[in-house]
Every structure is written in C-alpha cells, then in structure tokens.
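Fair warning: this is a prediction, and the values are worked out from it, not measured in the lab.
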Amino acid sequence: MSKLLIVGTVAFDAIETPFGKTDKILGGAATYIGLSAANFNVDAAIVSVVGEDFPSTYIDMLNARNIDTSAIEVVKGGKTFFWSGRYHNDLNTRDTLDTQLNVLADFNPVVPAAYKDAEIVMLGNLHPLVQLSILEQMTTQPKLSVLDTMNFWMDNALEDLMKVIAKVDVITINDEEARQLSGEYSLVKAARAIEKMGPKYVVIKKGEHGALLFHKEQVFFAPALPLEEVFDPTGAGDTFAGGFTGYLTQSGEITFEQMKKAIIHASNLASFCVEKFGTERMQAINTQEIQQRLQQFKELTQFDIELV
C-alpha cells in the first residue's frame, strides 16, 4: 500500500453561515485532507500539533479510518489552534472573526521515520518554511509533492513561499490567489506564469464553478456538481486536496490522464463536504454514496456531438 504524508492543521473551528452557526467543532486542513484521502486504499499519516484540550475521541475517529495519528503532537498544557469565521449570503466570501494560533505558533513538524519515504506528500496550508522543512526531512524524493497555500502567505511571507513553490510538483490555489501570485488576470496566463516558478502542474480551484488543471500546453476542466443544499464551504478546498492526493497515491501513476481522474474524484468528495457543518458529512460518508455521485459527475459531463 502506497504512503501519503499529510501535513497541516488539526484544529477547532466556530462557523457561522446564513443557515446556522456552531460552537467549537473539529476542523483544520489536515483533518479534512485525511478524512477525504481515507476513502482510498492508502497508508496515510498526519503530521500536526494540538493542545491538551483536544479530545481523544477525535484522534480515535481518525484512527478508525486507518489514518496514522502518531505524528500529531499533543502539547501538555497547550491550547489547540482555533479559527472562527462568518460567511456572507453568497458563501463565497467570509470574514475571519477570531484566529488563535496557540500551539501552532511554535510548531516544528517531525516526519515519522516510517513515512520519510512516502510516495506522495501533501503540504496543507501552513507557513512556507514549515512546509519546506517537511520536504527537507524526506529520505527519498517523493513521486509527487503537492502544495496548498493562500493569499495570507503571499502578503506576509512571499520570499519564503517562492522557495517552497520552486521545490514542489503541484500547487493548488484558488482563482483569486492564482491571479495575485502571477500578476495575470487570465487564468491560462496565470497558470503558465506559476509553472515557470517551479511546479509541473497547477490546479486552480474555482469553488462552485469547478477546477482547472494545467500542465505545459494541456488543460483540463472539471465542473462542480450542482447541489440542492450548501451549508458550509469550510474545508471544501482541503477535502478536494485529500481526494486529489488520495486517488493519485492509490493509483501509483503520475500522468496528466491520471490527474484528470484525480480532479474528478477530488471535486466529487468536496461536494459532500459542503452539505453539513465542519467535518460532519465527511465522517459519515460511505462508498455507495461516493460511487453514486461519481455517476452523476459522469452524466453531467458526458455527451455525444458530431464533428464535421
């Protein structure tokens, strides 16, 4: 079984949307990535940090999904990273109400020996130097290294971000971030500019409008599945990343054609994430539901047309 190393936050979130609000619930990029990747036949491990206030039942839940949590450091007396946000009516924009770094402020990740040869490394949204330290700990070159980042690091740690971008194979960002990073409005031009920074593949997420995959002169577009109800978009991008890397880890084949399939699996899983608050939907998901929705994706995008 191929190994997937996941690095990112395991955290508490408090979320408010037009459809309701929550108190502290389970969140964090690595949590969503792990729960998504767990739907594939992979040996996955999470590297993260939490405080002593983090319930052991959450760790047990991840372990029950065959996610190795031995590299989730528990800081005695510490408090877990916390984020609170409120989404606007369109669910595409949000206001951050509170961010408490807590134990994340001094996080120095240590890759467990058993995963220093992982075939695929998924670098969740963290400080670029933390992401870089993970790559430097690997004993063998991963088949694929995937980076997720955000505009905060572009604004506050661009030089460090450029260092890690130069070393990864894939970068996944949203359309706004792609434009900011590249200085190009056209997403095609933006992707080409970002490829010149180092990555062989560029994935641009467009939320409810799907996702784009770029590699040299090749382009692939996957739509997002139209949903009757969207409750909470928190973690959808990380769920996408987990589906993308989970599928590629399981397949063991790194080609543009396989990445196209990975994008579909990623979009499919992300469509479940938004149906409930936090990780609730991803914890309850089953194989039959996933397969049924994949069929919907196929029907949505398949057509016959005569070319003259």
Residues that T93 engages under side-chain hydrogen bond (donor to acceptor under 3.5 Å, both in side chains), provided they are two or more places apart:
H88, D90
Do the side chains of V202 and L158 join up, straight or via other hydrophobic residues, at under 4.5 Å, putting them in one cluster?
yes
Kindly write out the residues that satisfy side-chain contact (heavy atoms from CB on, under 4.5 Å) with L101, not counting sequence neighbours, or none if the list is empty.
F81, L104, A105
Where G210 and F221 come nearest, the two heavy atoms and their spacing:
CA-CE1, 4.2 Å
Using the test salt bridge (Lys or Arg N to Asp or Glu O under 4.0 Å), find all partners of D53 that sit at least two apart in sequence or belong to another chain.
none
According to a 4.5 Å side-chain heavy-atom criterion applied to Ile, Leu, Val, Met, Phe, Trp and Tyr, with indirect links allowed, do L91 and L97 form part of one hydrophobic cluster?
no
Residues I254, M259; criterion side-chain contact (heavy atoms from CB on, under 4.5 Å); working and verdict
CA-CA 7 Å; I254 309 300; M259 287 206 178; 3.9 Å; yes
Separation between CG (L135) and CG (L147), nearest 0.5 Å, reads 8.5 Å
Where at least one partner belongs to residues 25-69, residue pairs that pass ring-ring contact (aromatic ring centres under 6.0 Å, His included), sequence neighbours excluded
F12-F54, F40-H265, F54-Y58
With the 4.5 Å side-chain cut-off for hydrophobic clustering, are V188 and I204 part of the same group?
yes
As a quick check of understanding, evaluate side-chain contact (heavy atoms from CB on, under 4.5 Å) for T9 and L126, giving each step before the final call.
CA-CA 8 Å; T9 54; L126 286 169; 3.7 Å; yes
I'd like to know if the side chain of S36 and the backbone of T239 have a donor-acceptor N/O pair within less than 3.5 Å.
yes
Are L132 and M162 connected into the same hydrophobic cluster when the rule is that any two of I, L, V, M, F, W, Y join if their side-chain heavy atoms are below 4.5 Å apart?
yes
Distance-only, no hydrogens or angles: does the S48 side chain make a donor-acceptor pair with backbone N or O of I72 under 3.5 Å?
no
Distance-only, no hydrogens or angles: does the E119 side chain make a donor-acceptor pair with backbone N or O of K3 under 3.5 Å?
yes
Test item: S267 side-chain N/O and I264 main-chain N/O as donor-acceptor pair under 3.5 Å:
no
Quick one: pull up CG in L269 and CD1 in I285 and give me the separation to the nearest 0.5 Å.
5.5 Å
Taking all non-hydrogen atoms of both residues into account, name the closest pair between L300 and P226 and its distance.
CD2-CD, 3.9 Å
Looking at OG of S84 and CD1 of I15, how far apart are the two atoms once the value is rounded to the nearest 0.5 Å?
8.5 Å
Would you tell me whether D117 and T140 have side-chain atoms, one donor and one acceptor, within less than 3.5 Å of each other?
no
The single option from Q292, Q296, K298, Q291 passing side chain to side chain contact (heavy atoms under 4.5 Å, CB included) against L294:
Q291
Treating S182 as the side-chain partner and E184 as the backbone partner, does any N or O pair qualify as donor plus acceptor under 3.5 Å?
yes
T301 versus P223: any side-chain heavy-atom pair under 4.5 Å?
yes
Quick one: do E195 and R192 make a salt bridge, cutoff under 4.0 Å?
no
Scan residues 211-226 for pairs that pass side chain to side chain donor-acceptor pair (under 3.5 Å), counting only residues two or more places apart or in two chains.
none
Over all atoms of both residues, closest heavy-atom pair of A224 and E208
CB-O, 3.4 Å
With a 4.5 Å heavy-atom cut-off, do P109 and V47 have their side chains touching?
yes
First locate atom CD1 of I120, then atom OG1 of T249, and finally report the distance between them rounded to the nearest 0.5 Å.
3.5 Å
Check for a donor-acceptor pair, side chain of E16 on one end and backbone N or O of T22 on the other, with a separation under 3.5 Å.
no
Return the set of residues passing salt bridge (Lys or Arg N to Asp or Glu O under 4.0 Å) with D43 (not counting sequence neighbours), or none when no residue passes.
none
Within one Ile-Leu-Val-Met-Phe-Trp-Tyr cluster: V219 and I194, side-chain cutoff 4.5 Å:
yes
Of all heavy-atom pairs between A236 and V274, which one has the smallest distance, and what is that distance?
CB-CG1, 3.8 Å
Is a donor on one side and an acceptor on the other found under 3.5 Å between the side chain of T149 and the backbone of N125?
no
May I ask you to test the D232-K276 pair for a side-chain heavy-atom distance under 4.5 Å?
no
Identify, with sequence neighbours excluded, every residue that meets side-chain contact (heavy atoms from CB on, under 4.5 Å) alongside D68.
A45, S70, Y115
Show the numbers, then the answer: is there a side-chain contact (heavy atoms from CB on, under 4.5 Å) between I173 and M150?
CA-CA 7 Å; I173 50 179; M150 65 182 298; over 6 Å; no
Test your reading of the model: is there a side-chain donor-acceptor pair from E52 to the backbone of K76, 3.5 Å cut-off?
no
Please check this pair: side chain of Q250 against backbone of V42, looking for a donor-acceptor N/O pair closer than 3.5 Å.
no
Drop me the distance from L307's CG to D304's CG, to the nearest 0.5 angstrom.
10.5 Å
Under the side-chain hydrogen bond (donor to acceptor under 3.5 Å, both in side chains) test, which residues partner T279, sequence neighbours left out?
Q283
Can you find a pair of side-chain heavy atoms, one from L213 and one from F256, that are under 4.5 Å apart?
yes
L5 versus M138: any side-chain heavy-atom pair under 4.5 Å?
yes
Within the structure provided, determine whether P128 and I165 are in side-chain contact (heavy-atom separation under 4.5 Å).
no
Salt bridge (Lys or Arg N to Asp or Glu O under 4.0 Å) against R281, all qualifying residues, sequence neighbours excluded:
E275, E289
Is the closest side-chain heavy-atom distance between V49 and V10 below 4.5 Å?
no
Distance under 6.0 Å and angle within 45° of the ring axis: does R293 meet both against F272?
yes
Distance-only, no hydrogens or angles: does the S251 side chain make a donor-acceptor pair with backbone N or O of L248 under 3.5 Å?
yes
Kindly state each residue pair satisfying side chain to side chain donor-acceptor pair (under 3.5 Å) with at least one member in residues 155-172, sequence neighbours excluded.
S145-D169, D148-T172, D155-Q180, D169-K200
From CD1 (I33) to CE (M282), nearest 0.5 Å
11.5 Å
Side-chain touch I46/T31, heavy atoms, less than 4.5 angstrom
no
With a 4.0 Å cut-off on N to O distance, would you call D13 and K24 a salt bridge?
no
Quick one: which residue pairs count as a ring-ring contact (aromatic ring centres under 6.0 Å, His included) with a foot in residues 123-167, not counting sequence neighbours?
H127-W153
Contacts of D175 meeting salt bridge (Lys or Arg N to Asp or Glu O under 4.0 Å) (sequence neighbours excluded), chain-then-number -> K206
Report the relative orientation of the aromatic rings in Y87 and W83; use parallel for angles under 30°, tilted for 30 to 60°, perpendicular for over 60°.
perpendicular
With side-chain contact (heavy atoms from CB on, under 4.5 Å) as the test, would you mind laying out the steps for L212 and F220 before giving the verdict?
CA-CA 6 Å; L212 289 155; F220 175 70; over 6 Å; no
